[in-house]
Structures are given as structure tokens and as C-alpha cells.
Amino acid sequence: MKTSRAFGQFRVSPIGLGAMPASMSRGELPSEEQAIATIHAALDAGITLIDTADIYAPSWDQMGHNEKLVAKALQAYGGRPEDVVIATKGGIVHGPDGIGRDGSPEYLRKAVQQSMDDLGVDVIDLYYWHRPDRHRLYSEVIETFANLKQEGLIKEIGISNANVEEIEVAIEVLGDGGLAAVQNEFSPRFHHTSKPEMDFCGERGIAFLPWSPLGGTGGDAKRVGESYPAIAEVARAHDVSPQQVTLAWELSLGDHVIPIPGASRPESIRDSAMAGDLQLSSRELDGISNSILS
């Protein structure tokens, strides 16, 4: 796999694993055996970043389901390899009355402790604020994250679903180098409101992790070749999947870009991991960018 990519104190594989599909899906969930096999396939393929969240669960009363599954898979692998980084998120609440957001210090501290328990770790590698709580000042919530890091509960701070202004606020509160990563949706289907954030992060040395980098679990990921002829043409030329070409193209958009495709099958994540070694020409990459981003 291509040279590792950096965020904060860590270096990870250029492609990460989005573990969400093992616990949340528009279709049938994979069996636990298949989910664990998928995580093991990612590790075997050289992936060293696993992305999860406390909210990734089949129902409101199973919060932490995905984190526990990741922990179980790593234990079954013989323990977590030293170079594997686990990222998780908090700030979304789920109860019998629906989904909400809570950015209070009390809730986030409790969420961090619960995620540590569910992951079976003493400290969280990378902890994201999952989605903004519009009832609170953004800067005040970021200060809570700074306190959690200072206390040694988390190693690096990330924010997710953030616009440029919110990224600027986080940088102002945390200082240079304090914000390790931004995780926003980005794909050939969804980029108009996230490409500016990607570029902004690149200018400031912050990792940008596209979620749903292939278009999401609603079928767009499967149809990426049909939907984008420029991607399909390159895929045919290299005899690889359109999904692999899509991820390789996203990697070309900056050394700070680390796509985290979701996967519920070993075959899917093996294919995605190979994007880290796929060499595309400047002409091919420009052709894709011009057809999608113009």
C-alpha cells in the first residue's frame, strides 16, 4: 500500500475502514461472523485505521454496538496490532423518542468513558465531535474536547460534519496542530459543500477523511461506474473496479485525504484497500476531476 498518511501524532494507511455497515444498514445487517471477517480482511490488507462511533447500532437501546464489535474483532485477531488506530465519535444521542444531539461537558465526558469501555481501551486514539449541537456555542464544546485531551482520555481531536467557519473556530480554540482531523461526506455524488473544507484542511495540515467516499450505502456506491463514465473508462483501462478508481482519485486530491469506505463484506474492503497502490496518470486523474468537480 502507498506511503502512510498523517494526522496528529499518527500515521495510518491511505485507506481506512468505515465499520458502520456492520451495525447500521438500509438492508440486512451482516452476521457477526461476517462483520468480524470483514475487519480481519481489512487488517490483512494493510489497513491501519478503523472508524466507528457510539451511535452506530441497530437500535436505540444498543448504543455502542459497533464499538463493541470492533473490540471483539480485534481480540479475535489476536489483539490489536500496534500500528492500528481506532477513531470513534460522540455527541449524538439516541433514545426511544428519536435522535438528538448533546454537546454538554457532562454528556461528552460520559460518552468518552462509555466508548473507552466498549472499545476496551484506556485512552481513545482519535475522538470526533460527531455533529454540532446548535444549542451550544461551537467554541465551548471544542473547549470540552481540549479538556478531555488534557486529562489524557483522548489522544487526538477531530470534528465531523463541519463547515469552514466551524473548522476555523476549532483551530482558534485548540491552537496550531490541535485539530487532527475533519471527517465530512465527500464522493463523486456529494462534493459541492465539502470540497472547500477539504481544500481548507489541506492548506492547514489537517487530515480530511471523506465518509461515504463511494456514495453511501443506498446503492450509489454500487452504481459509481454507471453514474460516472470517466471513472468507468479508467477502471476498464486498468482492469479494476470503478470503486477502486474512485478512491484512488480521492487520494490524489491531497496527501491529507484519507477515505474511509464502509464495508460489510471482506471482498469489498480488500478491493478498496488496493486503491492505495493503484497508479493513475495525471491525464486520467484530471479527466475524472474535470467531469465531476467542474
Side-chain angles (χ1 to χ4, degrees), residues 1-20 42-43 45-53 67 70 80-91 112 115-116 119 121 123-131 142 145-146 148-150 152-164 166-187 194-213 247-248 250-262 269 272-273 275-276:
M1 195 176 290
K2 286 179 183 175
T3 305
S4 60
R5 300 198 165 191
F7 64 82
Q9 63 191 273
F10 300 110
R11 295 199 68 89
V12 296
S13 54
I15 300 293
L17 167 66
M20 185 191 77
L43 298 172
I47 286 176
T48 59
L49 173 64
I50 300 175
D51 183 87
T52 181
E67 293 174 321
V70 168
R80 179 170 67 157
E82 290 185 1
D83 59 345
V84 169
V85 174
I86 302 174
T88 191
K89 315 174 196 71
V112 165
S115 287
M116 289 166 62
L119 288 168
V121 298
V123 58
I124 293 175
D125 294 332
L126 172 63
Y127 194 69
Y128 290 98
W129 185 12
H130 203 158
R131 285 189 182 272
I142 296 298
F145 277 74
L148 293 169
K149 181 179 179 181
Q150 187 175 19
L153 300 179
I154 60 180
K155 293 182 180 179
E156 295 290 354
I157 297 170
I159 54 178
S160 186
N161 305 295
N163 59 36
V164 168
E166 290 162 342
I167 299 170
E168 288 179 319
V169 170
I171 294 171
E172 183 177 350
V173 173
L174 299 172
D176 291 339
L179 181 64
V182 172
Q183 184 181 139
N184 282 6
E185 183 174 8
F186 181 90
S187 69
S194 52
K195 184 62 163 58
E197 285 77 24
M198 175 187 287
D199 294 341
F200 186 85
C201 287
E203 294 165 0
R204 285 154 182 81
I206 300 167
F208 184 89
L209 289 84
W211 60 265
S212 288
L247 294 172
E250 290 175 3
L251 288 171
S252 78
L253 297 177
D255 291 339
H256 66 301
V257 179
I258 308 170
I260 46 170
I269 197 57
S272 292

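We're numbering straight along the sequence, starting at 1. Values in this document were obtained by computation on a predicted structure and should not be read as measured data.
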Please determine whether side chain to side chain contact (heavy atoms under 4.5 Å, CB included) holds for the pair Arg80 and Ile86, giving the CA-CA distance in whole Å, both sets of side-chain angles, and the decisive distance to 0.1 Å. CA-CA 10 Å; Arg80 179 170 67 157; Ile86 302 174; 3.4 Å; yes

Backbone N or O of [Y] within a donor-acceptor pair of the [X] side chain at under 3.5 Å?
X      : Y      : result
Asp83  : Val12  : no
Arg5   : Ile258 : no
Asn161 : Asn184 : no
His256 : Ile206 : no

Min side-chain heavy-atom separation [X]-[Y] under 4.5 Å:
X      : Y      : answer
Val112 : Thr88  : no
Ile167 : Phe208 : no
Lys149 : Leu174 : no
Thr48  : Pro81  : no
Phe10  : Lys155 : yes

First locate atom [atom1] of [X], then atom [atom2] of [Y], and finally report the distance between them rounded to the nearest 0.5 Å.
X      : Y      : atom1 : atom2 : answer
Ile50  : Ser13  : CD1   : OG    : 9.5 Å
Glu156 : Phe7   : CD    : CZ    : 7.5 Å
Ile269 : Leu17  : CD1   : CG    : 4.5 Å
Ser212 : Gln183 : OG    : CD    : 9.5 Å

Does Lys89 pair with Asp51 as a salt bridge, N-O distance under 4.0 Å?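 Asp51 and Lys89: salt-bridged.
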
Taking CD in Gln150 as the centre, count heavy atoms belonging to other residues, nucleotides or ligands within less than 6.0 Å. Is the count above 12?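 Not more than 12 within 6.0 Å, no.
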
Show the nearest heavy-atom pair for residues [X] and [Y], with the distance to one decimal.
X      : Y      : answer
Asn163 : Glu197 : CA-OE2, 3.5 Å
Ile142 : Ile159 : CD1-CG2, 3.7 Å
Ser4   : Arg11  : O-NH2, 2.6 Å
Cys201 : Val182 : SG-CG2, 3.6 Å
Leu247 : Ala275 : CB-CB, 3.6 Å
Tyr127 : Gly90  : OH-CA, 3.2 Å

Aromatic ring pairing Trp129/Phe145, orientation class (parallel under 30°, perpendicular over 60°, tilted between):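 Judged by the thresholds at 30° and 60°, the geometry between Trp129 and Phe145 is tilted.
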
Among pairs that include at least one residue of residues 171-187, which meet salt bridge (Lys or Arg N to Asp or Glu O under 4.0 Å), considering only residues two or more places apart or in two chains?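 Every salt bridge (Lys or Arg N to Asp or Glu O under 4.0 Å) pair that includes a residue of residues 171-187, provided the two are not neighbours, is Glu185-Arg189.
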
With sequence neighbours left out, write down each residue that passes side-chain contact (heavy atoms from CB on, under 4.5 Å) with Asp199, or none if nothing qualifies.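 With sequence neighbours excluded, Asp199 shows a side-chain contact (heavy atoms from CB on, under 4.5 Å) to Lys195, given in chain and number order.
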
Check the pair Ile124, Leu148 against side chain to side chain contact (heavy atoms under 4.5 Å, CB included), reporting the backbone distance first and the verdict last. CA-CA 10 Å; Ile124 293 175; Leu148 293 169; over 6 Å; no

Could you tell me which residues satisfy salt bridge (charged side-chain N to carboxylate O under 4.0 Å, His left out) with Glu166, sequence neighbours excluded, listed by chain and number?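 Checked Glu166 against salt bridge (charged side-chain N to carboxylate O under 4.0 Å, His left out); matches are Arg134.
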
